[in-house]
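Structure record follows, encoded as structure tokens.
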There are 4 protein chains.
Amino acid sequence: MDSTTNIQELKEKIKKFCDDRDWDQFHNAKELAIAMNIESSELLEHFRWKKDKEVDEMFKDKEKRQKIEDEMADVFYFLLRMSDRYNIDLSKALETKMKENSAKYPVKKFKGSAKKYNEI
Amino acid sequence: MDSTTNIQELKEKIKKFCDDRDWDQFHNAKELAIAMNIESSELLEHFRWKKDKEVDEMFKDKEKRQKIEDEMADVFYFLLRMSDRYNIDLSKALETKMKENSAKYPVKKFKGSAKKYNEI
Amino acid sequence: MDSTTNIQELKEKIKKFCDDRDWDQFHNAKELAIAMNIESSELLEHFRWKKDKEVDEMFKDKEKRQKIEDEMADVFYFLLRMSDRYNIDLSKALETKMKENSAKYPVKKFKGSAKKYNEI
Amino acid sequence: MDSTTNIQELKEKIKKFCDDRDWDQFHNAKELAIAMNIESSELLEHFRWKKDKEVDEMFKDKEKRQKIEDEMADVFYFLLRMSDRYNIDLSKALETKMKENSAKYPVKKFKGSAKKYNEI
């Protein structure tokens, strides 16, 4: 598994992992959304009270970086699990959303504009 | 972009989208983690006050399904953006985490055990 | 401090606690909102994967109940801290919001109506 | 209702509001914790992408200030509702937690120490 692995393969690996443990019974959309919330809060917790500069420093520390990657993996795991359970094509969903965002945030208007971004 | 698109391609598409708008200045890890929290709460909000059966019904309604997919795409977008900004290989991070979880939740002990899962 | 203690007294106790440690420098609204998010996710984590019946059982277990109360106290602490730092009268804010909600959810329409509540 | 109103009175007002609408059926601890998460994310959303200085400016704008107060009221509402439903004395819970924190973060060690606070 690396950056050339496609989404379908990742979903299947997770499905096998969960099937082996008979975990379908717990993994409905509401529980998976709860799990995503908890994991993304654990990710945010690493940056609590930190200034921007301190945040960037954390990624140079191997151990801290690993912990951050672990939390990101947890969010990803539940996101993929949900997309597998409900037959959602994450890449297509992302493409649809990005098309909408391209129209909503035209380059001409938003380029380099901190002020406008702040109003999003 | 579909389920055979790999993670690297998705990251590059998002990078281009953000570069075109000069958004690097806003996208440090802390802000991206905040964004992931907000988007995963918006996802959860769709299921608020709903019983399991009602949750599953939502996915049969085309419009509701689309809204849920949109929120999932938002979480995915910020997760990919963070992994691109900090050179994190999400698939490898996921693989590492799943190896840990395989050891932590052995099939023999967890298979079909609601009780044990609840103690996680 | 008990249920007859008023909000003002609670805010002042927290203010003294933070002043003693010179913590104003960390407690701007954004950081406090981040903290509230993290603590309310820790609260939710106690109920993850649990069915309604199991959730209610938890409150009969003294130790589990204490842990839940601790997380609620953490949310309350940051909420009071924010209201003190920005001169917000939480009771008045609550009263204002409840008046709006009284108009938004009239008794006649909502009483006993699970269906309508679900559409909120 | 103002800053001299005590917690017990606030809980009773909310109880009456919910009893009038027969909402006990929705308000178990898990749903209330979900609601707290969603509302505290809506609070955080107001500060998304904002620098510290911009955050403080928001409180000078009457309309923005009102929106922030509304979100804080929402978090407070669900926190009070949960404490009423499960007979939790929020002030006592807060007192217990602050005693623990006084021991955990002694004044001598933490006063004025940004570095130490960051390690919390």
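Per chain, numbering begins at 1; letters A, B, ... match sequence-line order.
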Inset, instruction - Could you tell me which portion of D:Asp24 (side chain, backbone, both or neither) has an atom closer than 4.5 angstrom to a non-hydrogen atom of chain C? - result: neither
Inset, instruction - Name the region of D:Met82, side chain, backbone, both or neither, that has any atom closer than 4.5 Å to a heavy atom of chain C. - result: both
Inset, instruction - Count the heavy-atom pairs under 4.5 Å between each of D:Met72, D:Met36, D:Arg85, D:Lys108 and chain C, then report the option with the highest count. - result: D:Met72
Legend entry - chain C interface, residue from D:Ile68, D:Leu90, D:Asn87 that has the most non-hydrogen pairs under 4.5 Å: D:Leu90
Legend entry - Over all atoms of both residues, closest heavy-atom pair of C:Asp61 and C:Lys64: OD1-N, 3.0 Å
Inset, instruction - Let me know if D:Asp52 has heavy atoms under 4.5 Å from chain C in its side chain, its backbone, both or neither. - result: both
Legend entry - chain C interface, residue from D:Leu79, D:Asp56, D:Ile34, D:Val55 that has the most non-hydrogen pairs under 4.5 Å: D:Leu79
Legend entry - Trace of the side chain to side chain contact (heavy atoms under 4.5 Å, CB included) decision for D:Val107 with C:Arg21: CA-CA 6 Å; D:Val107 172; C:Arg21 286 158 185 80; 3.7 Å; yes
Legend entry - C:Lys92 and C:Glu95 ion-paired at < 4.0 Å: no
Inset, instruction - Taking the side chain as every heavy atom from C-beta outward, state whether C:Gln8 and C:Glu12 have any atom pair closer than 4.5 Å. - result: yes
Legend entry - With C:Glu69 via salt bridge (charged side-chain N to carboxylate O under 4.0 Å, His left out) - residues at least two apart: C:Arg65
Inset, instruction - Can you tell which part of D:Phe59 gets under 4.5 Å to a heavy atom of chain C, answering side chain, backbone, both or neither? - result: side chain
Inset, instruction - Could you pull out all residues at least two apart from C:Glu100 that satisfy side-chain contact (heavy atoms from CB on, under 4.5 Å)? - result: C:Thr96, C:Lys97, D:Asp70
Inset, instruction - Examine the side chains of D:Ser41 and C:Asn37 and answer whether a donor and an acceptor come within less than 3.5 Å of each other. - result: yes
Legend entry - Best-contacting candidate, D:Leu80, D:Asp19, D:Asn101, D:Leu32, against chain C by heavy atom pairs under 4.5 angstrom: D:Asn101
Legend entry - Sidechain N-carboxylate O distance under 4.0 Å for C:Lys51, C:Glu54: no
Legend entry - Residue D:Ile14 versus chain C: region with a heavy atom under 4.5 Å: both
Legend entry - Heavy-atom pairs under 4.5 Å with chain C, option from D:Gln66, D:Lys30, D:Glu31 with the top count: D:Lys30
Inset, instruction - Heavy atoms only, distances under 4.5 angstrom: which of D:Ala29, D:Ser40, D:Ser83 has the most pairs with chain C? Name it, please. - result: D:Ser40
